[in-house]
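Start at 1 with the first residue, then count along the sequence. For the numbers below, each heavy atom of this structure counts, side chains included, while hydrogens, waters and symmetry mates do not.
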Amino acid sequence: METSNRVADVKRYLQILSRQYPNIEKVSEEIINLQAISNLPKGTELFLSDIHGEYCSFSHILNNGSGIIRKKIEDSFCNQITEQERRQLATLIYYPEEKLALIKKDESNLDEWYGIILYRLIQVAREVSSKYTRSKVRKALQKGFDYIIDELLNIKGSANDKEHYYSQIISSIIELGRADEFIVAISDLIKRMAIDHLHVVGDIFDRGAEAKKVMNTLMNFHSVDIQWGNHDVLWMGAASGSKECICNIIRIHCRYDNLDTIEDDYGINIRPLATFALEAYRDDDCKKFAPKTFDYNKYMRSDEKTMAKMQKAISIIQFKLEGQLVLRRPEYNMDDRLLLDKINYKKGTLKVDGQTYELNDTHFPTIDPNDPYKLTEEEAEIIDRLQESFMNSETLQRHISFLYSKGSIYKCFNSNLLFHACIPMDQDGEFTKVTMLGQTLSGKAYLDFVDAIIRRAYFNRQNIEENQEYLDLMWYFWCGEQSPAFGKSKMATLERYFTSDKALHKEPKNPYFKLIETEEVCDKVLKEFGLEGKNSYIINGHIPVKEKNGESPIRAKGKLLVIDGGLSKSYRSETGRAGYTLTYNSYGLVLSASEPFDSKEEAIREEKDIKYEIMVNATQTERKRVADTDIGQELLQQIEDLKLLLIAYRDGTLQEEIS
C-alpha cells in the first residue's frame with residue numbers, strides 16, 4: 001500500500017512538471033541547459049559584517065566588488081594601458097554619472113575619448129561575465145541597451161566582419177548622443193556581474209548615520225542574505241513594539257549624534273522627548289551624556305546640550321523599563337541588571353556585589369527612591385508615543401519586513417556557517433543548555449528556537465499584550481547572556497554612564513570566543529550544523545578584531561574568519577583597520593583588510609580607491625563549479641526529476657503535447 005501511494009505521488013508530481021515541459025523536446029532542452037550551467041565556475045560571494053550605517057564605505061565596496069573589478073581591469077589590459085588610465089576606468093565603472101560629469105569638463109576631444117573608453121568597458125564586461133551563461137547576463141542588463149550590449153559581448157563571425165560590425169555599433173552610439181547612457185548601463189552590468197551573491201553577517205544599524213541608505217541598497221541588490229546581529233534584532237524588536245528596544249535605539253542615536261536617522265529617515269517624532277528633557281534636566285549640564293561625536297556644521301552648540309539632556313532622559317526611562325522587565329521575567333537570570341534600587345540617592349553611591357562605588361552623576365529628578373522603576377506620567381506618555389511612531393513608520397516597517405524576508409539568525413551556505421556572534425557554550429566546551437518558554441535547548445536547536453521567536457515577535461505585533469512575552473525576548477536577544485547575537489554576560493550601560501571604576505564597565509564574553517580559537521571546537525560547531533570537511537569555515541562578525549594589538553581575523557588554523565575589522569568609524573581607533581572583506585570565488589576564499597574610505601567625492605575627483613591587503617588566499621586544488629554549490633545541488637535534483645519525466649513520456653506513462 002505504501003509503495004503504491006509513493007508511485008501515485010510521483011506520478012502526480014510528474015503531471016505537474018509536465019505543464020512546464022509538455023514534451024520530450026522541451027524536457028531535453030532543459031536537461032541540457034541545466035547540465036551546462038552546473039559545469040560553469042561558481043559565482044563570487046562577498047561577505048561583509050558590522051556595517052553600522054557606514055554607507056559611504058559600504059557602497060564603495062559594492063561598487064568596486066571588493067577589489068574584483070580592479071583585478072579584472074588588470075587582467076583585461078595587463079600593460080596595454082597606463083596606471084592613470086586604469087584608475088580612470090575603474091572610477092568610471094564605480095561612479096559613472098559623477099565621473100562623466102568631471103571628464104566632460106576637461107576632455108578636449110570627447111568623441112575620441114568615448115570611442116576608446118567604450119571599447120575598454122566592453123572588454124572588462126566580457127572578462128567579468130565570462131563565467132556566466134548568456135541568459136543570466138542578458139537578464140542582468142538594463143532595458144534599452146540590453147540588445148546592443150548582448151551583441152557586443154557575443155559578436156560572432158570572421159575577424160574582419162566582427163571588427164567592422166563592432167566599430168559600427170560603437171560609432172552609432174556616439175553619433176546618436178547615447179554614449180553617456182551606454183556607459184552607465186555597461187558599468188552597472190560590470191558591478192552586477194562582479195558579485196553574484198552578498199552575505200551581510202549582521203549589524204546593519206546604529207552608530208553610522210546612513211542605515212536607511214544601506215537598507216535601500218540591500219533591498220535593490222540582486223541576491224543577498226542577512227544574518228541578524230544584536231543591533232538588527234534591536235531594531236526588529238523596536239518595530240515590533242518593544243519599548244525597551246526603542247529606548248536603546250534613541251539612546252544610541254543621541255550618543256552618536258545620529259538623530260537624523262530617527263527623525264528624517266524614519267519619520268519618528270522625538271520632539272516630546274526633547275521638550276521633556278529640557279524641562280526635567282534644566283538644572284543639569286548632563287556632561288556625561290554629551291554625544292561622542294558632534295557635527296557643529298550641522299547643529300548649533302546649544303543642540304549638543306539638548307542632545308545630552310535627551311540622552312540622559314531616555315537612558316533613565318530605559319533603565320526603569322528594563323528593571324520592570326527583569327522583575328517580571330525572573331527566568332532570564334538578570335537580577336544583576338537591577339541597579340536603580342541599589343543606588344543610595346542621598347549619599348550618591350551604587351552597591352554592586354557587596355561593594356560600594358561612588359556615582360559620577362547624582363542628579364535623578366525623575367526617580368522615586370522608594371519606587372525607582374516606576375515611570376513618571378510624562379515618561380510613560382513619551383514612551384507610548386514613541387512606540388506608536390516606531391510601529392507606524394512606513395519606511396521602517398518596509399525595511400524590517402525585508403530583514404525578515406532575507407534574514408535569519410544563522411545560515412549554512414556552500415559549506416560555510418555564517419552567524420553574527422556566537423553559539424553559547426560553557427567553560428567545558430559544551431553547548432549551553434538554555435531553558436526558555438518551557439523548552440531546554442542547545443546548539444543548533446537553540447538557534448532555530450531563537451530564529452522562530454524573533455519571527456513570532458514581529459508577525460504577532462498587532463496585539464501588544466498577547467505578544468509581550470515575545471517582545472521581552474527580543475530585548476533579551478539584544479543584550480541577554482545567552483543570546484547568540486550578543487554573547488556577553490552583561491551590557492554594562494548604566495555602569496559606564498554613572499561610575500568611573502573601569503572594573504564595573506567590563507562585559508565578559510561567552511566562553512565560545514576563547515574556545516573557538518581551536519580547530520577542534522570549530523569542527524565541533526560545524527558538525528553541529530551538518531558541515532564537515534576541510535573546505536568548511538565559520539564566518540563571524542560582532543567582536544572588532546584589534547589588529548593593532550596583535551589580533552588576527554584568522555583563527556583556529558584558518559577554520560574561523562572574523563570579519564568585523566572597523567567598517568564603523570567609531571571602532572577604527574580600536575582596530576587599526578577600516579574593515580575586512582571576504583570573497584569566495586571558484587578558486588577559494590580571499591580575506592582582505594581594507595584601508596579607510598570616507599569620501600566618495602575624493603574618490604571620484606582624485607580616482608582614489610580602497611587599498612586592500614590580502615591576508616589569506618585559501619585556494620583549492622580544484623576549481624569549484626556550480627554543481628559543487630547549494631544551488632548546484634538543487635539543479636542536479638531538477639535534472640533527475642526531468643529525467644524521470646523523460647522516461648514517463650518515452651514509456652507512455654504520460655502523454656506528450658506535440659507542438
Side-chain angles (χ1 to χ4, degrees), residues 56 59-65 67-129 140-155 159-194 595 597-612:
C56 183
S59 62
H60 190 76
I61 290 168
L62 292 189
N63 283 338
N64 73 9
I68 290 169
I69 290 174
R70 181 57 195 250
K71 186 177 186 308
K72 293 298 182 183
I73 291 172
E74 304 290 344
D75 293 343
S76 297
F77 299 106
C78 298
N79 298 319
Q80 298 173 33
I81 62 177
T82 66
E83 168 61 20
Q84 194 278 327
E85 289 172 320
R86 289 196 290 270
R87 281 170 40 205
Q88 185 190 76
L89 181 57
T91 307
L92 184 65
I93 293 169
Y94 306 158
Y95 304 103
E97 292 169 315
E98 296 93 331
K99 189 61 180 175
L100 273 169
L102 291 180
I103 290 170
K104 288 164 76 173
K105 288 180 181 177
D106 300 329
E107 189 60 52
S108 58
N109 191 336
L110 197 57
D111 283 355
E112 182 181 346
W113 179 83
Y114 278 139
I116 294 169
I117 212 70
L118 293 185
Y119 276 100
R120 290 174 180 171
L121 287 168
I122 292 161
Q123 183 58 38
V124 177
R126 281 193 187 134
E127 182 73 27
V128 82
S129 63
L141 292 168
Q142 289 185 12
K143 297 298 178 187
F145 286 106
D146 48 342
Y147 174 77
I148 295 171
I149 294 176
D150 183 47
E151 284 290 292
L152 290 169
L153 295 181
N154 298 281
I155 290 175
N160 289 336
D161 291 342
K162 186 189 299 184
E163 186 61 34
H164 180 72
Y165 180 52
Y166 193 93
S167 299
Q168 187 57 54
I169 293 175
I170 298 293
S171 297
S172 296
I173 291 170
I174 298 169
E175 288 169 10
L176 293 170
R178 301 297 306 281
D180 286 5
E181 294 99 316
F182 182 86
I183 288 169
V184 171
I186 200 162
S187 295
D188 286 347
L189 175 67
I190 291 167
K191 288 180 282 194
R192 164 67 178 80
M193 293 289 102
E595 297 302 319
F597 177 88
D598 297 319
S599 172
K600 171 183 170 181
E601 291 70 29
E602 186 180 28
I604 295 167
R605 186 179 61 252
E606 300 182 21
E607 297 171 351
K608 286 189 174 181
D609 203 350
I610 290 180
K611 293 181 180 179
Y612 294 97

### Message
Using 30° and 60° as the class boundaries, would you call the ring planes of Y94 and H60 parallel, tilted or perpendicular?
### Response
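Taking H60 first and then Y94, their aromatic rings stand perpendicular (interplane angle over 60°).
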### Query
Can you check whether D150's main-chain N or O pairs, donor with acceptor, with N154's side chain at less than 3.5 Å?
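Between the backbone of D150 and the side chain of N154 there is a qualifying donor-acceptor contact (under 3.5 Å).
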Where [X] and [Y] come nearest, the two heavy atoms and their spacing:
| X | Y | answer |
| --- | --- | --- |
| L152 | R126 | O-NH2, 2.6 Å |
| I69 | N63 | CD1-O, 3.1 Å |
| A194 | I68 | O-CD1, 3.7 Å |
| K600 | C56 | N-SG, 3.8 Å |
| L189 | A140 | CD1-CB, 4.0 Å |
| K99 | T91 | CD-CG2, 3.8 Å |

Could you state the interatomic distance from [atom1] ([X]) to [atom2] ([Y]), rounded to the nearest 0.5 Å?
| X | Y | atom1 | atom2 | value |
| --- | --- | --- | --- | --- |
| I122 | I117 | CD1 | CD1 | 11.0 Å |
| K71 | E74 | NZ | CD | 9.0 Å |
| L89 | I116 | CG | CD1 | 12.0 Å |
| E181 | I186 | CD | CD1 | 14.0 Å |
| I73 | I93 | CD1 | CD1 | 4.0 Å |
| S76 | E127 | OG | CD | 4.0 Å |

### Query
Taking only residues at least two apart or on different chains, which pairs with a member in residues 101-125 satisfy ring pair (Phe, Tyr, Trp, His ring centres under 6.0 Å)?
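Pairs touching residues 101-125 that pass the test: Y119-Y166.
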Within-4.5 Å side-chain heavy-atom neighbours: [X] and [Y]:
| X | Y | result |
| --- | --- | --- |
| Q88 | I103 | yes |
| F145 | D188 | no |
| P96 | K191 | yes |
| Y147 | L141 | no |
| I190 | K72 | no |
| S129 | L153 | yes |
| R120 | V124 | no |
| I174 | F182 | no |

### Message
With a 6.0 Å cut-off (strictly less than), is the heavy-atom count around CD of E97, excluding the residue itself, greater than 12?
### Response
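No, not enclosed.
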### Task
Report the C-alpha distance between E607 and R70 in whole Å, list the side-chain angles of each, state the deciding distance to 0.1 Å, and finish with yes or no for salt bridge (charged side-chain N to carboxylate O under 4.0 Å, His left out).
CA-CA 12 Å; E607 297 171 351; R70 181 57 195 250; over 6 Å; no
### Message
salt bridge (charged side-chain N to carboxylate O under 4.0 Å, His left out) for R86 and E83? Distances and angles first, verdict last.
### Response
CA-CA 5 Å; R86 289 196 290 270; E83 168 61 20; 3.3 Å; yes
